[in-house]
Asker: 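Please read through the structure below; I'll follow up with questions.
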Amino acid sequence: MQSRAYSGPEFNPYGDSRPTETSELWPAPVASAPIDADVALPGSKSQTNRELVLAALADAPSLLTAPLHSQDSDRMVEALTALGVGIERMPEPGPFGADLRITPTAELTGSTTVDAGQAGTVMRFFPPVAALSLGPVTIDVHESARNRPMTELLHALRALGVDIADEGRGTPPFTIHGTGRVPGGEITIDASASSQFVSGLLLSAARFENGLVLHHEGERLPSLPHIEMTIDALRSRGVVVETPEVGTWVVKPQTIRARDLAIEPDLSNAAPFLAAAVATGGRVTIGNWPAETTQVGADLVKYLPQFGAEVSLDGDRLTVRGTGAIHGVSLDLTTGGELVPALAALAALADSPSELTGIGHIRHHETDRLAALAAEINGLGGRVIESEDALRIEPAELHGGVWKSYHDHRMSTAGALVGLRVPGVEIHDIGATAKTLPQFPELWHRMLQAPAQRTLLP
């Protein structure tokens with residue numbers, strides 16, 4: 001099937017006059033039979049970008065094996081190299097791209113401009129690194145990311161002694177006037193909108209002159225596993241992170257050690273593939289599944305059985321089997337916000353109502369994902385009721401139509417999942433998946449075409 005041009009009106013959850021980008025419509029393939037496939041996935045975006053930052057601030061070169069190569073990770077590589085960090089692509093790349101050797105520089109050099117694109121990890125992790133550089137660093141983002149929360153991070157950096165010019169907007173573009181040092185100290189922030197505020201500060205804190213004592217105050221702390229991932233990455237490089245009480249983290253000035261490591265496969269990117277087994281009553285197996293991990297995608301092991309799936313782990317091979325039935329669920333996804341699009345798409349195919357709660361914070365991701373999911377599922381004939389912090393999804397007979405992505409990779413993959421069961425679904429801007437999984441369209445097609453026992457590689 002061929003893609004066709006689309007330039008129609010685009011629902012905008014932000015309600016502003018942001019212009020629509022013309023792109024092609026991608027016909028979502030329908031599963032004519034239960035899927036039976038092994039799927040190989042590239043590395044974790046969350047882990048790759050954390051390790052890139054830590055390697056850049058370490059005391060010697062580090063080697064990252066099987067890192068993710070995507071728009072988000074490329075933005076981080078470009079940002080760090082703009083400060084003088086050496087990042088070398090190694091020869092003999094694996095199936096998903098080259099390993100990376102990161103060589104820190106004796107002095108981070110500013111006087112540059114960095115485009116973070118849509119990468120939330122670059123928007124939140126890179127500014128504290130830029131503050132350690134000598135010279136001004138201007139950070140801008142893609143137009144669609146201008147409304148993503150940043151004010152708390154900028155306030156925090158100012159409280160730590162960093163000079164930032166943003167004309168009072170609290171959003172990009174802004175300029176960090178680096179002096180080669182960050183005094184550091186004790187601060188309090190509200191990280192309710194994004195756990196990345198905490199992670200971004202913790203990643204660089206060991207290089208602050210007085211370290212960091214960070215307190216969170218707010219009604220909740222979303223995506224706590226991502227903060228645990230950050231702390232785990234720091235500890236593996238010898239950085240002691242103390243947590244004297246919930247919502248407080250203490251990092252004293254200390255060395256960040258170099259480390260060679262292999263990046264885990266991205267378990268959140270596994271969500272649509274594993275959910276495809278449930279949607280079609282088939283089987284999908286993903287190899288190299290880590291025995292222990294801080295990735296939130298690991299929770300798919302407990303979420304998918306509630307939809308009616310059978311899940312088994314044989315060594316490092318995770319298998320999900322659909323049973324032919326998809327049941328409604330009641331899930332608190334406070335810690336698993338990035339899984340919501342795939343799980344909401346699966347809930348739209350279920351035989352009973354679903355409630356997905358604790359997800360108000362995903363209004364501040366690439367788009368307002370609650371509003372976008374409600375709009376797209378309802379646009380195909382679904383019944384979704386959106387509240388401030390939840391989605392209620394009721395059974396309905398869906399029909400084909402355009403599924404809009406809002407520049408959001410997880411919205412694109414959610415539409416592809418619905419399209420497995422609903423003929424005529426066309427994804428507007430499947431290219432958004434390049435943010436974290438550039439190979440998605442090819443892997444998706446190969447999953448549907450794969451004979452049993454075949455491993456899918458690009």
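Values below: all heavy atoms of this structure, side chains included; hydrogens, waters and symmetry mates excluded.
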Asker: Please walk me through it: do R283 and T319 pass side-chain hydrogen bond (donor to acceptor under 3.5 Å, both in side chains)?
Answerer: CA-CA 7 Å; R283 174 198 69 88; T319 296; 5.0 Å; no

Asker: Using every non-hydrogen atom in the two residues, find where A31 and T280 come nearest and quote the distance to one decimal.
Answerer: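 Answer, listing the atom of A31 first, then T280: CB-CG2, 3.6 Å.
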
Asker: Test your reading of the model: is there a side-chain donor-acceptor pair from D59 to the backbone of A258, 3.5 Å cut-off?
Answerer: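 Present.
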
Asker: If you look at every heavy atom in P341 and A414, which pair is closest and at what distance?
Answerer: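 That would be O-CB, 3.5 Å.
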
Asker: Rounded to the nearest 0.5 Å, how far apart are CD of E338 and OG of S268?
Answerer: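 Those atoms lie 3.0 Å apart.
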
Asker: Taking all heavy atoms of R124 and all of L153, pick out the closest pair and write down the distance.
Answerer: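 Here R124 and L153 meet closest at O-CD2, 3.5 Å.
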
Asker: Determine whether a donor-acceptor pair (N or O, by modelled atom type, separation under 3.5 Å) exists between the side chain of E376 and the backbone of G415.
Answerer: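 The answer is no, because no donor-acceptor pair under 3.5 Å joins these two groups.
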
Asker: Between Q295 and P265 (side chain of the first, backbone of the second, donor and acceptor by atom type, cut-off under 3.5 Å), is there such a pair?
Answerer: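 It does hold such a pair.
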
Asker: I'd like to know whether CG of D351 has more than 12 heavy-atom contacts from other residues, nucleotides or ligands below 6.0 angstrom.
Answerer: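 Yes, enclosed.
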
Asker: Is the CD atom of E245 crowded by more than 12 outside heavy atoms at less than 6.0 Å?
Answerer: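 Above 12, so yes.
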
Asker: Which atoms form the tightest heavy-atom contact between V384 and I377, and what is the distance?
Answerer: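 Minimum heavy-atom separation between V384 and I377: CG2-CG2, 3.5 Å.
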
Asker: For V320 versus A277, what's the shortest heavy-atom pair and its separation?
Answerer: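 For V320 versus A277, the nearest heavy atoms are O-CB, 3.3 Å.
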
Asker: Check the pair E51 / R237 against salt bridge (Lys or Arg N to Asp or Glu O under 4.0 Å), numbers first and verdict last.
Answerer: CA-CA 10 Å; E51 294 296 346; R237 290 178 178 270; 3.0 Å; yes

Asker: Let me confirm one number: the CG-CH2 distance from L267 to W289, rounded to the nearest 0.5 Å.
Answerer: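 Going from CG on L267 over to CH2 on W289, the span is 4.5 Å.
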
Asker: Could you tell me how the ring of H445 sits relative to the ring of W26: parallel (under 30°), tilted (30 to 60°) or perpendicular (over 60°)?
Answerer: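 The rings of H445 and W26 stand perpendicular, inter-plane angle above 60°.
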
Asker: Is atom CZ of R383 surrounded by more than 12 heavy atoms (other residues, nucleotides or ligands) closer than 6.0 Å?
Answerer: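 It does: R383 CZ has more than 12 such atoms within range.
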
